[in-house]
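Here the structure comes first, spelled out in structure tokens, and everything after it is commentary.
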Amino acid sequence: MTIHSFFILPDYRAYGLGRHAMRLAEALAVEEPYGSPNCRAIALTGLSKRYIYDDAPEWRGIWPRLGMEVPSFSIQEWYEKLGYVSWKEEPLYEETALDGEVIPLVEAFMKKRVQ
Ligand SMILES: CC(C)(COP(=O)(O)OP(=O)(O)OC[C@H]1O[C@@H](n2cnc3c(N)ncnc32)[C@H](O)[C@@H]1OP(=O)(O)O)[C@@H](O)C(=O)NCCC(=O)NCCS
């Protein structure tokens, strides 16, 4: 199974709902009717943690160029805490900086075995 988009509404973040929803999705992935007993793993992508920890202009340096604060935590690490393992990193999305420059965003491709 792949999870393509996963967001918690801002007012409801940091109450444990995201973690709970992911655990539910993992349980449903291996059961009919939403999932399948043949499902072996969940795959997803999350923004690379280098955008938090690497001081280079093309990593942590993108946030002021986008007019944004540096995020308070890394989504890649958030998934790591849930047991997801990164297997490659690649540019997947783009954002437009305040000066009009297009910035490619590198996503970590992650997966977790569910059975
Ligand atoms: C990432 C997201 C789905 C997490 O859902 P959530 O309900 O806010 O997260 P939870 O409350 O379940 O998170 C639990 C853990 O995440 C971390 N965490 C969550 N919010 C945090 C914050 N604002 N600052 C620091 N750590 C945070 C904590 O380590 C927490 O662990 P703890 O309870 O042991 O301290 C949600 O914040 C979100 O929608 N973010 C923006 C969109 C996004 O980046 N989506 C992913 C696209 S791939």
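Note that ligands are numbered from 1 as they come in the structure, with each ligand's atoms numbered from 1 the same way.
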(Q) A side-chain contact here means heavy atoms from C-beta on lying under 4.5 Å apart; do E69 and W63 qualify? (A) no

**Q.** Protein residue, atom and distance nearest to atom 8 (O) of ligand 1, heavy-atom basis
**A.** A14 N, 2.8 Å

Q: Among all protein heavy atoms, pick out the one at the shortest distance from atom 29 (O) of ligand 1; state its residue, atom name and that distance to 0.1 Å.
A: K81 NZ, 2.6 Å

Q: Compute the shortest N/O to N/O distance between G46 and ligand 1 and return yes if it is under 3.5 Å, no if not.
A: no

**Q.** ligand 1 atoms in contact with Y15 (distance to a heavy atom under 4.0 Å)
**A.** 11 (O)

Q: For atom 23 (N) of ligand 1, grab the closest protein heavy atom and report residue, atom and distance to one decimal in Å.
A: S72 OG, 3.5 Å

Q) So which heavy atom in the protein is nearest atom 15 (C) of ligand 1, and how far is it from that ligand atom? A) W78 NE1, 3.5 Å

(Q) Using a 3.5 Å cut-off on N or O atoms only, is Y12 in polar contact with ligand 1? (A) no

Q) Where on F7 is there a heavy atom closer than 4.0 Å to ligand 1, on the side chain, on the backbone, on both, or on neither? A) both

Q. Which distance, rounded to the nearest 0.5 Å, do you find between the CD1 of I42 and the CG of L82?
A. 10.5 Å

Q. In the single-linkage hydrophobic clustering (I, L, V, M, F, W, Y; side-chain heavy atoms under 4.5 Å), do L24 and L17 co-cluster?
A. no

Q.
Quick check: is L44 connected to W87 through a chain of hydrophobic side chains (ILVMFWY, heavy atoms under 4.5 Å apart)?
A. yes

Q. Looking only at side chains, do Y53 and E77 share a donor and an acceptor under 3.5 Å apart?
A. yes

Q | Within-cutoff protein neighbour (heavy atom, under 4.0 Å) for atom 2 (C) of ligand 1 | A | no

**Q.** Top protein contact for atom 27 (C) of ligand 1, by heavy-atom distance
**A.** F73 CD2, 3.6 Å

Q: Give the cluster check for F109 versus V85: same hydrophobic cluster or not, with ILVMFWY residues linked at side-chain heavy-atom distances below 4.5 Å.
A: no

Q. Considering only heavy atoms of G18, which atoms of ligand 1 have at least one such atom less than 4.0 Å away?
A. 5 (O), 6 (P), 7 (O), 12 (O)

Q: Could you tell me whether H20 approaches ligand 1 through its side chain, its backbone, both or neither, with non-hydrogen atoms closer than 4.0 Å?
A: neither

(Q) So if I count the atoms of ligand 1 from 1 in the order they appear, which ones are less than 4.0 Å from some heavy atom of T45? (A) 48 (S)

Q) Which residue and non-hydrogen atom of the protein lie closest to atom 12 (O) of ligand 1, and at what distance in Å? A) R19 N, 2.8 Å

Q: Report the nearest protein non-hydrogen atom to atom 39 (O) of ligand 1: residue, atom name, distance rounded to 0.1 Å.
A: I8 N, 2.8 Å

Q: Each residue besides Y34 in its hydrophobic cluster should be listed here, by chain and number; the cluster joins Ile, Leu, Val, Met, Phe, Trp and Tyr at side-chain heavy-atom distances under 4.5 Å.
A: L28

(Q) Give me the residue, atom name and distance of the protein heavy atom closest to atom 37 (O) of ligand 1. (A) R13 CD, 3.3 Å

Q.
I'd like to check L105 versus P91 (side-chain heavy atoms, cut-off strictly below 4.5 Å). Are they in contact?
A. no

Q. Side chains of V114 and C39: does their closest heavy-atom pair fall under 4.5 Å?
A. yes

Q) Is there a protein heavy atom at a distance of less than 4.0 Å from atom 35 (O) of ligand 1? A) no

Q.
Testing the 3.5 Å rule here: is there a donor-acceptor pair between the side chains of Q76 and S86?
A. yes

Q) Near F6, which atoms of ligand 1 are under 4.0 Å from a heavy atom of that residue? A) 3 (C), 45 (N), 46 (C), 47 (C)

Q: Taking the side chain as every heavy atom from C-beta outward, state whether I62 and M68 have any pair of such atoms under 4.5 Å apart.
A: no

Q | Atoms of ligand 1 close to I75 [distance to a heavy atom under 4.0 angstrom, numbered from 1] | A | 1 (C), 46 (C)

Q. Is the shortest side-chain N to carboxylate O distance from E80 to K49 below 4.0 Å?
A. yes

